[in-house]
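For clarity, every value in this text was computed on a predicted model and none was experimentally measured. Atoms within each ligand, like the ligands themselves, are counted from 1 in listed order. Numbering of residues begins at 1 and proceeds along the displayed sequence.
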Amino acid sequence: MSNAIAIFAGARRNGNTGQFIDWIAKDLEIDVIDLSEKDISPYDYEHKNINDEFLPLMHRLLEYEKIIFVTPVYWYGPSAQMKVFIDRTSDFLDIEELKDIGRRLREKTAYIVCTSISNDADESFLNSLKNTFGYLGMKYGGHVHANCEDGYVQKNYRQDVDRFVNSVRDS
Ligand SMILES: Cc1cc2nc3c(=O)[nH]c(=O)nc-3n(C[C@H](O)[C@H](O)[C@H](O)COP(=O)(O)O)c2cc1C
């Protein structure tokens with residue numbers, strides 16, 4: 001057991017990124033939560049969405065030490081579904097009663113699992129996520145990327161996945 005959980009957000013569950021995280025999750029023996037199955041609405045300054053599924057999901061994630069953010073690279077950034085989720089962490093900064101929950105993120109380590117059609121994940125994509133983790137006070141544990149220029153070719157990613165899985169397990 002690695003005391004980790006993955007949150008997946010992409011436009012198709014069984015696409016490149018979905019297959020990539022399913023393989024990694026099997027090795028790590030962890031669950032994958034699909035954000036598209038959750039009713040999480042975009043950030044709202046008036047917090048009218050406070051009773052959607054964002055808070056219950058956060059409570060579940062906070063049971064783990066390591067949170068793996070899983071998303072394809074879409075236009076040099078994370079998927080729209082992942083961006084909605086990340087934007088909602090602002091609730092912890094603005095709502096007094098939620099600030100303690102937000103502070104608990106400081107005990108956590110964040111990782112990135114991603115795919116694109118480039119040799120490695122785009123720097124601006126990685127930086128936007130890493131900067132967000134830093135702002136929230138989370139430690140950053142690293143990323144693993146699959147180049148899907150020729151489709152999802154699992155054998156090409158073995159070494160990187162082994163390294164990533166070991167680093168999540170050993171941290
Ligand atoms: C809307 C969209 C935007 C994309 N933008 C990028 C990009 O900026 N850089 C890149 O290398 N690949 C980009 N791609 C390619 C995807 O990252 C790649 O095909 C990925 O493996 C798709 O994962 P999925 O099957 O889980 O959706 C984009 C694909 C889509 C559909």
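Scanning the protein heavy atoms around atom 29 (C) of ligand 1, the nearest turns out to be Tyr74 CD2, 3.7 Å. Of all protein heavy atoms, the one lying nearest to atom 8 (O) of ligand 1 is Tyr76 N, 3.0 Å. The protein non-hydrogen atom at the shortest distance from atom 20 (C) of ligand 1 is Thr115 OG1, 3.1 Å. Scanning all protein heavy atoms for the shortest distance to atom 15 (C) of ligand 1 gives Ile117 CG1, 3.9 Å. Nearest to atom 5 (N) of ligand 1 among the protein's heavy atoms is Trp75 N, 2.8 Å. Scanning all protein heavy atoms for the shortest distance to atom 26 (O) of ligand 1 gives Thr17 OG1, 2.6 Å.
Of all atoms in ligand 1, listed by their number and element, those nearer than 4.0 Å to a heavy atom of Gly15 are 25 (O). Counting atoms of ligand 1 from 1 in the listed order, those under 4.0 Å from a heavy atom of Ser118 are 10 (C), 11 (O).
Between the side chain of Asp31 and the backbone N or O of Ile5 there is no donor-acceptor pair closer than 3.5 Å. At least one donor-acceptor pair closer than 3.5 Å links the side chain of Lys66 to the backbone N or O of Val168. Lys108 contributes a side-chain N or O that, together with a main-chain N or O of Leu62, makes up a donor-acceptor pair within less than 3.5 Å.
Contact annotation: for Pro72 versus ligand 1, heavy atoms closer than 4.0 Å belong to the side chain alone. The part of Cys148 lying near ligand 1 is the side chain, judged by heavy-atom distances below 4.0 Å.
In the hydrophobic cluster analysis, where Ile, Leu, Val, Met, Phe, Trp and Tyr join through side-chain heavy atoms closer than 4.5 angstrom, Phe92 is grouped together with Leu57.
Side-chain atoms of Thr115 and His145 include no donor-acceptor pair closer than 3.5 Å. The closest side-chain donor-acceptor pair between Ser167 and Tyr111, if any, does not fall under 3.5 angstrom. With 3.5 Å as the limit, one finds a donor-acceptor pair spanning the side chains of His47 and Asp94.
Taking a 4.0 Å cut-off on heavy atoms, Val73 registers as neighbouring ligand 1.
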- Query: Yes or no on salt bridge (Lys or Arg N to Asp or Glu O under 4.0 Å) for Asp100 and Arg104, after CA distance, side-chain angles and deciding distance?
  - Reply: CA-CA 7 Å; Asp100 276 347; Arg104 289 191 52 207; over 6 Å; no
